[in-house]
Amino acid sequence: MKKIFKSAIASALLVTGLSAASIDTSSLELNFEGYKTSEMAGTVGTFKNIKYTFGKDGSSITGVFKGATATIKPQNVDMGDDTITNNMKNAFFANFTKSDIKVSVVDVLEGENTGLITVKVSIGKESALVPLTYTIKDGKFEAKGQLALSAFKNAHKALTALSKAAAGHKNMSWPLVDIMLEANAK
């Protein structure tokens, strides 16, 4: 009887397209890449001390991410270089928002080692949806998507201030930010 029950569950998972993959939430890293110069040169950064909440069911990607949230303090930005970090804090974020950045997962579509996590990025009263496509390969979970800063009213002002403060931008900052999540799969 147990064999029949286990077989039925396995068949149901296959039919619904769910996989048994999950992630180690303690290994989750959030990185982003912003763009500067007319050649669209990228600069990678992260945020320290992100406050995450995850779903209660850690047995699948859907269980981990459905309803998950993250709270990011803009002043915790880390660009890996003191000058660039200070420009992000004092030129970009000082003109962009005084609020925390809130991220909430609104939908998860889980396939076989691939899928889609749709997040809502909220800054103050404004928000934008960002689809993150993910893959699981060689024990690693990777999700990527792109946020258009133009969805937020202070973006132009903040990007202009950053372009003026950072000579390396050559008077141009792009209103696109690539978002990347990485974690160990389990």
Side-chain angles (χ1 to χ4, degrees), residues 2-36 40-82 84-85 88 100-123 127-149 174 176-186:
K2 283 184 184 178
K3 230 180 195 180
I4 294 171
F5 183 69
K6 285 181 182 178
S7 178
I9 289 176
S11 296
L13 288 173
L14 287 173
V15 168
T16 61
L18 296 175
S19 77
S22 187
I23 67 162
D24 173 6
T25 57
S26 68
S27 69
L28 185 65
E29 293 179 16
L30 179 140
N31 297 299
F32 63 88
E33 185 170 17
Y35 298 95
K36 60 187 178 182
M40 204 171 182
T43 303
V44 177
T46 190
F47 291 96
K48 294 180 180 179
N49 304 316
I50 299 172
K51 182 182 175 191
Y52 294 105
T53 59
F54 296 101
K56 295 181 183 191
D57 178 7
S59 66
S60 69
I61 298 296
T62 300
V64 168
F65 284 108
K66 189 71 173 188
T69 64
T71 301
I72 301 167
K73 296 198 174 298
Q75 291 301 308
N76 288 345
V77 67
D78 182 2
M79 302 302 293
D81 174 275
D82 289 342
I84 298 171
T85 298
M88 286 295 293
D100 289 347
I101 300 166
K102 305 275 186 174
V103 181
S104 57
V105 177
V106 295
D107 197 21
V108 180
L109 180 59
E110 187 173 358
E112 185 66 34
N113 294 320
T114 190
L116 179 69
I117 300 169
T118 304
V119 300
K120 181 168 91 172
V121 177
S122 299
I123 301 172
S127 62
L129 291 178
V130 179
L132 302 169
T133 56
Y134 75 83
T135 58
I136 298 173
K137 185 177 179 182
D138 299 327
K140 291 287 184 191
F141 165 88
E142 293 181 349
K144 296 178 182 179
Q146 194 168 68
L147 171 64
L149 293 177
W174 293 78
L176 299 171
V177 178
D178 289 339
I179 300 170
M180 298 146 301
L181 294 174
E182 296 178 359
N184 295 325
K186 61 179 189 172

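Computed from a predicted structure; not experimentally measured.
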Measure the CG-OG1 distance between D57 and T62 for me, rounded to the nearest 0.5 Å. 9.0 Å
Quick check for you: to the nearest 0.5 Å, what is the distance between K144 atom NZ and L181 atom CG? 11.0 Å
I'd like to know if K48 pairs up with D78 as an ion pair, taking the criterion as any Lys NZ or Arg NE/NH1/NH2 lying under 4.0 Å from an Asp or Glu carboxylate oxygen. yes
Which residues share a ring-ring contact (aromatic ring centres under 6.0 Å, His included) with Y35, sequence neighbours left out: none
Evaluate the criterion side chain to side chain contact (heavy atoms under 4.5 Å, CB included) for residue pair K102 and I72; output intermediate values, then yes/no. CA-CA 6 Å; K102 305 275 186 174; I72 301 167; over 6 Å; no
By salt bridge (charged side-chain N to carboxylate O under 4.0 Å, His left out), which residues pair with K36, not counting sequence neighbours? none
Taking atom CG of L28 and atom CD1 of I50, what is their separation to the nearest 0.5 Å? 7.5 Å
Which residues pass the salt bridge (charged side-chain N to carboxylate O under 4.0 Å, His left out) test with K73, sequence neighbours left out? D100
Give me the atom names and distance for the closest heavy-atom approach of T25 to F54. CB-CE1, 3.6 Å
For the residue pair V77 and T85, what are the closest heavy atoms and their distance? O-CG2, 3.4 Å
Do I61 and I23 have side chains that approach each other closer than 4.5 Å (heavy atoms only, starting at C-beta)? yes
If we count only N and O atoms by modelled type, under 3.5 Å, do the side chains of T69 and T53 hold a donor and an acceptor together? yes
Using atom types as modelled and distance alone, determine if a side-chain donor or acceptor of S60 lies under 3.5 Å from a backbone N or O of S22. no
May I ask you to test the E182-L30 pair for a side-chain heavy-atom distance under 4.5 Å? no
To check you understand the geometry: which heavy-atom pair defines the closest contact between D81 and I84, and what is its length? OD1-N, 3.0 Å
What's the shortest heavy-atom distance between L132 and G145, and which atoms? CD2-N, 3.4 Å
Is there side-chain contact between T43 and M79, with at least one heavy-atom pair below 4.5 Å? yes
Side chain to side chain contact (heavy atoms under 4.5 Å, CB included) partners for T114, two or more places apart: T135
Is there side-chain contact between I101 and P74, with at least one heavy-atom pair below 4.5 Å? yes
Identify, with sequence neighbours excluded, every residue that meets side chain to side chain contact (heavy atoms under 4.5 Å, CB included) alongside T118. V106, D107, L116, L129
Shortest non-hydrogen contact from N113 toward A21: OD1-CB, 4.4 Å
Using only atom types and a distance under 3.5 Å, with no angle test, would you say the side chain of S27 pairs donor to acceptor with the backbone of N184? yes
Which residues pass the ring-ring contact (aromatic ring centres under 6.0 Å, His included) test with F141, sequence neighbours left out? F65, Y134
Give, for atom CD of Q75 and atom CE of M88, the distance between the pair rounded to the nearest 0.5 Å. 10.0 Å
